[in-house]
Structures are given as structure tokens and as C-alpha cells.
A.B. asks: 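To start, I am sharing the structure in question, which I have written as C-alpha cells.
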Protein chains: 2
Amino acid sequence: MRLTKKQIIENRKRIVDAAAYLFRRDGFDAVGLADLMKSAGFTHGGFYNHFSSKDALVEEACRASFDSYTTRLAASLDASPEHFAKALKAYLSLAHRDDPGNGCPTASLVADVQRQSACVQAAFAAGLNTYAAILGKHLSKSLPIADAGSRKATTRERSLRLLSEIVGAMMLSRAVKKHDPALSKEIINASRAHAAAESLSGT
Amino acid sequence: MRLTKKQIIENRKRIVDAAAYLFRRDGFDAVGLADLMKSAGFTHGGFYNHFSSKDALVEEACRASFDSYTTRLAASLDASPEHFAKALKAYLSLAHRDDPGNGCPTASLVADVQRQSACVQAAFAAGLNTYAAILGKHLSKSLPIADAGSRKATTRERSLRLLSEIVGAMMLSRAVKKHDPALSKEIINASRAHAAAESLSGT
DNA sequence: ATTATCTATAGATCTATAGATAATGC
DNA sequence: ATTATCTATAGATCTATAGATAATGC
């Protein structure tokens, strides 16, 4: 049964979507092509009708993860000023912690990406830059105030620090979730309390 | 050729040390037993005279990484008050970024640990708790001041946030190091500038 | 001192699984 | 697109060997 071009494109998208989910949930190397194709509703062998190698899919899935995530984030933040605080609360939540497959690509892929090809690393770096730019755009709406050390932090510095903190908190929280759920929550809440303040005034 | 007991213990330690280095540098799953044993100066087959499985070594190496790292850190911090700022500067440095094999076990293993056995996750959680306790002990020497949002952050909250931030910054910096070295440095420096202030007054 | 035993080692091998390819079918 | 197959590599197992250790004997 030969498929229409439209159907082929649709099938390909199904594979990329499955990959974007599974790679974020389990990591690039932990997901095999057989399981991935099965999850997309196909058999193993058909993979190479769409991609030249696993690496090619990894790159595309990485890009797709960032695209959908940052697009949605930017739209939400542009909607109204108070959405910044809401977005931070949503980020630092148990729901986000427990659903990495649909969550922040940075937190899910940051460690894995170092073991991937140059193309994948480039896609990741591009996504991260976009991410930081979006944060910076909305942080700049609040005036930078003096640091405790009596120096002014630029908006760029503040957005990168905020990114480091929320990504770090999410990863740490996920890592101890099973064995130490109390600590897992504590990590998220520690940053959550501070993030609300950060979104208003900046420190 | 049978060895003395002392030599056997020494050989076992060589394997654990090699593992503690390679696992932190490349990740648990990316390091094969053949390469690991070769790196320790042995051949593949001898591995099972020392460990029942790879998982058993992963657990021991995880513990060993945390032990050596936190012991050294605690000793340094106890030496004198100004060592706290020094330790933070050393953490947020290019030297640390470029030597994960001897660096912070948390930053190296946090993502991998989720795919490992319960024993390994327990070892990680224990190490992280020790880590946070050490930071807390030294943060408590400086008085907590009001957050921008006019609430007081506890020492515990501050140590967890600090941990999230420096671990996150290190991971992000490493992830984009190859493809975007400028951003990599920027990430480290953004947190470095703030960390100095944090170590004195707390925000 | 001699003998028997124990065991870490090297190297070959087994089994499972991964990515990738080829042949087949609609 | 499916199915079967190929190839490489991983963890794990097995066997023979060497030589330290323990038990025995003088």
C-alpha cells in the first residue's frame, strides 16, 4: 500500500514527536530505535526510510523539543506581565518534575548532549540561546537592583543565573525523587520561594 | 600468578578509582567494563573477581566520588572563613568545567543516576545530603537577610538554592562548551559574580 | 620444607541488544 | 512499511594458569 506524500510527512512527524517525548523522558542513548518506532506505531525497519541515522533523528528531535517549548513559553509570557511569575511556578512544580517527556528540554537533555555529535550540540546551544533570550526579554521589564555585594547585575546575567538555578533545581529534584521524596520537594520549593521574588524585583 | 592480600586490595582500589574518574567524565552507561579495566591496568575478565556486577561497581564508585569530594571540601571550608568564597570561585571555574572526571560528582552524575538501580540512587541521595549539609553549615555563619520579596530565607533554603544554581551553571556551561564557548563562559561568570556576594551576605 | 588448596588473572566465549541493511510486499 | 538478517558491542561466564597461603610432615 503506497502512501500519499502527505501521509509520509505525517508519519515522519509521528516519529519525531515520539522521539522528542522519549528522548526527554529517558535520554538519547537509553531509547532504542525499535522501541521508538513501536511507540510511533511502526516497525523497526522503516526508520531508515525517514532518517539517515539515529543521530539525524536525535538532532531533529532536539530542535523540535526546543521549538515547541520555547514557542509556547514565549507566547505565554507575551500574553500578560504576571505570566512570568506563573511560568516560574509551573516550571518549579511537581507536575513538571514528574513529566520530563513534555517538559523543559534543557533540563532533560543537558547532560546527554555532551555525548552526542556536533550537530546535536549545535541544536542544543541554539535552543538554549533562544531560551535565555526569552527570559531576558521579560526580566528586563523589572528594574535591576543592586546585588548584595553592591554591584549591579545585568539583565543577561540575571537570566543566565535564573536559568542555571531552575534547571539545576529540576535536575536535582528528579535525581532524588525516588529515594528521598522529601528532599526532592524541598529542592523545588527552595527555588520556588525565591523565584517569585526574582520575577518581580531581581536580585 | 596469585597476589598478596595487600596487592588484591590495592588492585580493587585501582578499579574503583578508575571508575570514579571515568564515570564522572563520560557517564555510567557510556563507560564499558573492557575499557574501564584496561584503564585500571587489567583485562576485561578479571572484573568479576572484585565485583558481582557493573551495577555494584557503579554504586561503589558513586559513593567513592562523593566521599573524596565532600571530605576535601569540608576540610577546606573548616580551615578558614574566607575559604567559602574561594571554594565557590574554584567551583565556578573553567578548570572545573574542563575536568569533570575529578570534579563535582553531583554535576557529573545527576542525570545518569535516574537510569540506575535503587542502590545507586540511594548512594547519590546520601552524597547530595552530605553536600547540602556542608554548604548549610558554612552559610549559616552569615546572617540570613530579607529576600527581595520581604521574606526570610532559611539557611537550608539558601544552601539548596545555591547548590541548584552552581550545579545547573556547571552543567549548562559544559553542554555548550564546544559549540558556543562564549556562552559557556558567560554562564559560569554570571553565577560567579553573584556567588561571591552570596557567600558573604546571602540573598 | 613439602604438599594441597585457594583465587586473581588473562583470554576465549556466550548471550542479548543495539543500529543498520536487504529482501519482500502492497 | 514490514520482516528477516547482518554486524558490532556490551555485560557476563568459563577455563586454565600462576603463585600466594594454609595445612601437613619432618
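A note on names: the letters A, B, ... follow the listed sequences, proteins ahead of strands, and every chain is numbered from 1. Side chains included, hydrogens not; waters and symmetry mates left out as well; all remaining heavy atoms used.
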A.B. asks: Look at A:N11 and D:dA1 and indicate whether a side-chain polar atom (N or O) is within less than 4.0 Å of OP1 or OP2.
C.D. replies: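 Affirmative; the distance criterion is met.
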
A.B. asks: Is B:F47 touching bases, backbone alone, or none of the nucleic acid, heavy atoms closer than 4.0 Å?
C.D. replies: nothing

A.B. asks: Check this for me, if you would: do B:E10 and B:K5 make a salt bridge, where the nitrogen-to-carboxylate-oxygen distance has to be below 4.0 angstrom?
C.D. replies: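 Not counted as a salt bridge, because no side-chain N and carboxylate O are separated by less than 4.0 Å.
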
A.B. asks: Less than 4.0 angstrom between a side-chain N/O of A:H50 and OP1 or OP2 of D:dA1, yes or no?
C.D. replies: yes

A.B. asks: NE2 of A:H44 versus P of C:dA20: gap in Å, rounded?
C.D. replies: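 Going from NE2 in A:H44 over to P in C:dA20 covers 8 Å.
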
A.B. asks: Give none if D:dA10 has no partner; otherwise give the nucleotide forming a Watson-Crick or G-U wobble pair with it, both distances under 3.5 Å.
C.D. replies: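 Paired with C:dT15.
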
A.B. asks: Quick one: which of D:dG11, C:dG19, D:dT2 gets closest to the side chain of A:N49?
C.D. replies: D:dT2

A.B. asks: Please give, in whole Å, the distance from D:dA1 P to A:E10 CD?
C.D. replies: 11 Å

A.B. asks: What is the distance from CG of B:D35 to P of D:dT9, rounded to the nearest Å?
C.D. replies: 11 Å

A.B. asks: Indicate, with a heavy-atom threshold strictly under 4.0 Å, whether A:G46 touches base, sugar-phosphate, or nothing.
C.D. replies: base

A.B. asks: Rounded off to whole Å, could you give me the CE-to-P distance for the A:M37 and D:dT2 pair?
C.D. replies: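 It works out to 7 Å between those atoms.
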
A.B. asks: Would you call A:D17-A:R12 a salt bridge at under 4.0 Å N-O?
C.D. replies: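 Salt bridge: no.
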
A.B. asks: Which is true for B:G32 with a 4.0 Å heavy-atom rule: it touches a base, it touches only sugar-phosphate, or it touches nothing?
C.D. replies: sugar-phosphate

A.B. asks: Please report, rounded to the nearest Å, how far the P atom of C:dT7 is from the CD1 atom of B:I9.
C.D. replies: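 Checked: the CD1 to P distance equals 14 Å.
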
A.B. asks: Please check this pair: side chain of B:D112 against backbone of B:F28, looking for a donor-acceptor N/O pair closer than 3.5 Å.
C.D. replies: yes

A.B. asks: Under a 4.0 Å N-O cut-off, is there an ion pair linking A:E59 with A:K54?
C.D. replies: no

A.B. asks: Please report the distance, rounded to the nearest Å, between CG in B:L33 and C1' in D:dA10.
C.D. replies: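 Taking atom C1' of D:dA10 as the reference, CG of B:L33 is at 8 Å.
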
A.B. asks: Please determine if B:D98 and B:R174 form a salt bridge, counting it only when a charged side-chain N lies under 4.0 Å from a carboxylate O.
C.D. replies: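 Salt bridge absent between B:D98 and B:R174.
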
A.B. asks: Look through every strand shown and name the nucleotide pairing with C:dT3 as Watson-Crick or G-U wobble, where both distances are under 3.5 Å.
C.D. replies: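 C:dT3 is paired, partner D:dA22.
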
A.B. asks: Between B:D29 and B:K6, just flag the one whose closest nucleotide in DNA chain D comes earlier from the 5' side.
C.D. replies: B:D29

A.B. asks: Of the listed nucleotides (D:dA12, D:dA1, D:dT21), which one gets closest to any side-chain atom of B:T4?
C.D. replies: D:dT21

A.B. asks: Can you check whether A:Y48 has a side-chain N or O nearer than 4.0 Å to OP1 or OP2 of C:dA20?
C.D. replies: yes

A.B. asks: With the side chain of B:T43 defined as its heavy atoms from C-beta on, choose the nearest nucleotide among D:dT2, D:dG11, C:dA10.
C.D. replies: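 For B:T43, the side-chain atoms sit closest to C:dA10.
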
A.B. asks: Using whole Å, report how far NZ of A:K38 lies from P of D:dT3.
C.D. replies: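 Distance check: A:K38 NZ to D:dT3 P gives 12 Å.
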
A.B. asks: Atom CZ of A:F42 and atom C1' of D:dT3: how far apart are they, to the nearest Å?
C.D. replies: 16 Å

